[in-house]
Amino acid sequence: MTALAQDTAHPVLEARGVTMVFGGLTALNDVSLRLDRGKIVGLIGPNGAGKTTFFNCLTGLYTPTKGTVLLSGRRLAPDPSEVTIAGVARTFQNIRLFPNMTVLENVLVGRHCRMRQGPIASLLHGPSFRREENAAKQRSRELLAFVGLASAEDEIARNLPYGDQRRLEIARALATDPKVLLLDEPTAGMNPQETEAARQLIFAIRDTGVSVVVIEHDIKFIFGLCDSVSVLVQGELLVEGRPEVVRADPRVIEAYLGKPPEEIESETRGAAEQDKREKP
Ligand SMILES: Nc1ncnc2c1ncn2[C@@H]1O[C@H](COP(=O)(O)OP(=O)(O)O)[C@@H](O)[C@H]1O
Ligand SMILES: [Mg+2]
């Protein structure tokens, strides 16, 4: 079997029975998730449900107490840099940029893991180093244009408006050439126009062949974006399925929604904005 044939036989990302225990707290209990190639999967659930912890388990930041994570059918070692090299990139709920570096430099940092020239070459600044450096800059500029930040490359990251910082973080993640992109609350703190732009950007990312998992508070956003939605409540996977099925599921309405979707939506958006104010 060729590598490609093998590749298409598996979901691009799969978590099997992931359990994460912190001291006496079971933050995740036997959570499984399947992401097929070219799909967008949503992960929703109340604050403290374990969503970010799940991303941390997928990306090797945490070593799950139990369970495995597979990329194209191969087990991923719980090591953040190996996970990045293997092709999983992420953004963070609380933006993590290099605040004093320029916009372009932030994207170049993401690109670094794909550069072949080692530290000696970079010290010597030989021609092959310069060639690779130029290619990295070109790719980074393409990505900045892709996320709508072409004119901001020389700005200092911390001076960017909040929504642009989120887009920069996405560009940096894309610079690692991922197969899978994990977005942790990408629209938290955004206004409706920025949120819609973010939705279009995620579709555009999917259209380039990157598969996406999105954590979001804004359930209208999730239901209008995802091929499939998983609902996490107190560390347990409550329901998963197509958005229209999940939305109508009585267990979801009771355990998570509890109220008409419009009401939840405005509440969760308020909570996200409060999050932003608490963690600037
Ligand atoms: N490193 C950690 N040590 C101890 N408890 C943690 C740690 N990370 C997360 N938790 C706990 O796990 C639970 C889930 O948190 P989190 O994954 O951040 O939820 P969500 O992203 O769904 O809001 C919370 O009770 C949180 O306090
Ligand atoms: Mg979280």
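These numbers come from a predicted model, not from an experiment. Indexing begins at 1, ligand by ligand and atom by atom, following the structure's order.
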(request) Would you check whether F54 reaches within less than 4.0 Å of ligand 1, judged by its heavy atoms? (result) no
(message) Would G48 count as a contact residue for ligand 1, given that I'm defining contact as a non-hydrogen atom of the residue lying under 4.0 Å from a ligand atom?
(response) yes
(request) Just jot down the ligand 1 atoms closer than 4.0 angstrom to any heavy atom of N47, in number order. (result)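 It comes down to these atoms of ligand 1: 23 (O).
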(request) Could you list the atoms of ligand 1 found under 4.0 angstrom from a heavy atom of A49? (result)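 Reading through ligand 1 atom by atom, the close ones are 19 (O), 20 (P), 22 (O).
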(request) Write out the residue and atom name of the closest protein heavy atom to atom 2 (C) of ligand 1, then the distance separating them to 0.1 Å. (result)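 Looking only at protein heavy atoms, the one closest to atom 2 (C) of ligand 1 is F22 CE2, 3.4 Å.
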(request) Output yes when a side-chain donor or acceptor of E216 lies under 3.5 Å from a complementary backbone atom of T187, and no otherwise. (result) yes
(request) Answer yes or no: is there a donor N or O on one side and an acceptor on the other, between the side chain of D79 and the main chain of E82, under 3.5 Å? (result) yes
(message) With a sphere of 6.0 Å drawn around CD of Q234, does it hold more than 12 non-hydrogen atoms of other residues, nucleotides or ligands?
(response) no
(message) At less than 2.8 Å, would any N/O/S atom of Q93, backbone or side chain, sit next to the Mg ion (ligand 2)?
(response)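 Under 2.8 Å: Q93 contacts the Mg ion (ligand 2) through an N, O or S atom.
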(message) I'd like to know: is the Mg ion (ligand 2) within the 2.8 Å range of an N/O/S atom from T52, strictly under that distance?
(response)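 So T52 does bind the Mg ion (ligand 2) by this criterion.
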(message) Out of T52, L43, I44, who is nearest to atom 18 (O) of ligand 1 when you count heavy atoms only?
(response)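 Selected option, by shortest heavy-atom distance: T52.
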(message) Please state which option from L61, D184, L232, T53 has its nearest heavy atom closest to atom 15 (O) of ligand 1.
(response)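 It is T53 that holds the nearest heavy atom.
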(request) Is it possible for you to say whether Y162 and L144 belong to one hydrophobic cluster, with membership spreading through side-chain heavy-atom contacts below 4.5 Å? (result)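 Yes; tracing contacts between hydrophobic side chains, which count when under 4.5 Å, links both residues.
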(request) Considering only protein heavy atoms, determine whether one is less than 4.0 Å from atom 26 (C) of ligand 1. (result) no
(message) Is it the case that ligand 1 has an N or O less than 3.5 angstrom from some N or O of G50?
(response) yes
(message) I'd like to check whether L25 has a polar contact with ligand 1, where a contact means an N/O of the residue lying under 3.5 Å from an N/O of the ligand.
(response)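 Checking ligand 1 against L25, no N or O pair falls under 3.5 Å apart.
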(message) Distance alone, cut at 3.5 Å: any donor-acceptor contact between the side chains of E169 and Q165?
(response) no
(message) If we count only N and O atoms by modelled type, under 3.5 Å, do the side chains of S32 and D30 hold a donor and an acceptor together?
(response)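 No pair is found: no donor N or O on one side chain lies under 3.5 Å from an acceptor on the other.
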(request) Of all the heavy-atom pairs spanning A152 and L160, show the shortest one and how long it is. (result) CB-CD2, 4.2 Å
